[in-house]
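Order of the sequence lines sets the chain letters (A, B, ...), proteins ahead of strands, with each chain counted from 1.
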Protein chains: 2
Amino acid sequence: MTTDARTPLTRERVLHAAVALADEHGLPAVTMRRLAEELGAEAMSLYYHVAKKEDVLDGIVDVVAQEINEAVARLAPGPDWRQTARRRILTAREVFLRHRWAPALFETRSSTSLAVLKYYDALVGVLHDGGFTHDRIHHALHALGSRALGFSHEVFDPNAGASAEIPAELAAQLPNLVGMLREIAHDDPDSTLGWCDDQAEFEFGLDLILAGLDLLRDR
Amino acid sequence: MTTDARTPLTRERVLHAAVALADEHGLPAVTMRRLAEELGAEAMSLYYHVAKKEDVLDGIVDVVAQEINEAVARLAPGPDWRQTARRRILTAREVFLRHRWAPALFETRSSTSLAVLKYYDALVGVLHDGGFTHDRIHHALHALGSRALGFSHEVFDPNAGASAEIPAELAAQLPNLVGMLREIAHDDPDSTLGWCDDQAEFEFGLDLILAGLDLLRDR
DNA sequence: ACCTGAACACCGTTCAAGT
DNA sequence: ACCTGAACACCGTTCAAGT
């Protein structure tokens, strides 16, 4: 996996190595020392090409966002704004499915990367062409939140406990939740489909919001 | 701020000191050493009351969630499910406005705290009483995401750049975004209202989803 | 111009030792 | 039972020094 140690370091090489490292071993594995090791260099050498670790993290967000922009650029426009936006967002989501650590990182960034800005710029264009006022688009971006970028980091996953054994004592404290989970399990015994499930839920939420926005557009 | 160093340490004291520390100096200030100092003890003493730092973080999530549950318990039910759910969520949000660091932390937790589970349990109850099937409630929780808990951590804040100067070269790359921001600024010169603005956007997104769910309920 | 070794100030955590 | 000092393995980062 380590690329040959002879080729000189560049900011680009550092950032791509960081993405690869996060892909393979998770974000916590991305330390300056480990990253340098991966590149066949010393940790201190990185500082010649990168200001500090924050700079690396900003950088890999930008790399992922560029990957999204490239994927989205290949898309044909849909028959209407809603389909076009939907396709773009689901395509962006595919990139995040390849970089599972990325949503959590995106959420920690305060300044927005240029590539992310470009992504939103194009989305604003799609909505504006679809007949939305700029004011409505502004609301729409807030309503969509991170969903516009293709992910919704769930703080509570109802599915998580679905298969796990729930102790009786705990179950007694959570009658409604347990009732819900039991009924869902009964309705569809094969409902634990891994990320396919999440995909369905993501699309449900997305379509709900897009439909709501569509209704507002005509008023 | 440091509580008297004579009173013995307990898990509770440690967790409440951690919340106070985060409130005052942000989450990064919560280190085991700093936390011990705040309690008039040594870092190593904490380990007698707490397994590890992760345990502290899980613990303060639970403390905040308990605060939410207490606030929400004082609420009178609304005239319908939608008002009831809305009030609960906006009340939960008020707690997060007192603990600005909490949304980011909630997002990093993988296992869900008991207090959070109880919060969701009550919300499931509200929706079920409102006439939703458990299956629909399950979808609704996913659609709401963290909004059900009272926050929506924006990865891109359109307002952030509204007041800042945008260099001409950058503006040329982001025609739609700049166009949107210019028009909004024009429509309402006083639109930079700090968190009040966010509040309005949060409610817009929330109401959009609740309305969408209400429509589904009758079908 | 690019890379490095030694060093500094900070982490979380273990463990034997104190009371 | 509760607390601590010394120590370990790890961070990010600076800075003077190498080529």
Stems involving DNA chain D, each a run of at least 3 consecutive Watson-Crick or G-U pairs under 3.5 Å: C:4-8 with D:12-16, C:12-16 with D:4-8
Nucleotide dT4(C), atom C1' - distance to CG of Leu39(A) in whole Å: 15 Å
Distance, rounded to the nearest Å, where Glu42(A) contributes CD and dT4(C) contributes P: 5 Å
Pair Gln66(A)-Glu70(A), side-chain donor/acceptor within less than 3.5 Å: no
Modelled atom types, side-chain donor and acceptor of Glu169(B) and Gln173(B), under 3.5 Å: no
Base-contact (B) and sugar-phosphate-only (S) positions in nucleotides 6-19 of chain C, heavy-atom cut-off under 4.0 Å, - elsewhere: BB---BBBB-----
Per Pro8(B) side chain, nearest of listed nucleotides dC3(C), dC3(D), dT4(D): dC3(D)
With sequence neighbours excluded, residues passing side-chain contact (heavy atoms from CB on, under 4.5 Å) with Leu75(A): Arg87(A), Arg88(A), Thr91(A)
Lys53(B) side chain reached by Leu46(B) side chain, heavy atoms, under 4.5 Å: no
Pairwise side-chain contact, Leu97(B) with Phe151(B), heavy-atom cut-off 4.5 Å (strictly under): no
Exceeds 12 heavy-atom contacts within 6.0 angstrom, atom CZ of Arg182(B): no
Any Tyr48(B) side-chain N or O less than 4.0 Å from OP1/OP2 of dC3(D): no
Side-chain N,O (His49(A)) to OP1/OP2 (dA1(C)) below 4.0 Å: no
His134(A)/His138(A) aromatic ring centres below 6.0 Å: no
Test of ring centre spacing under 6.0 Å for Phe106(A) and Phe96(A): yes
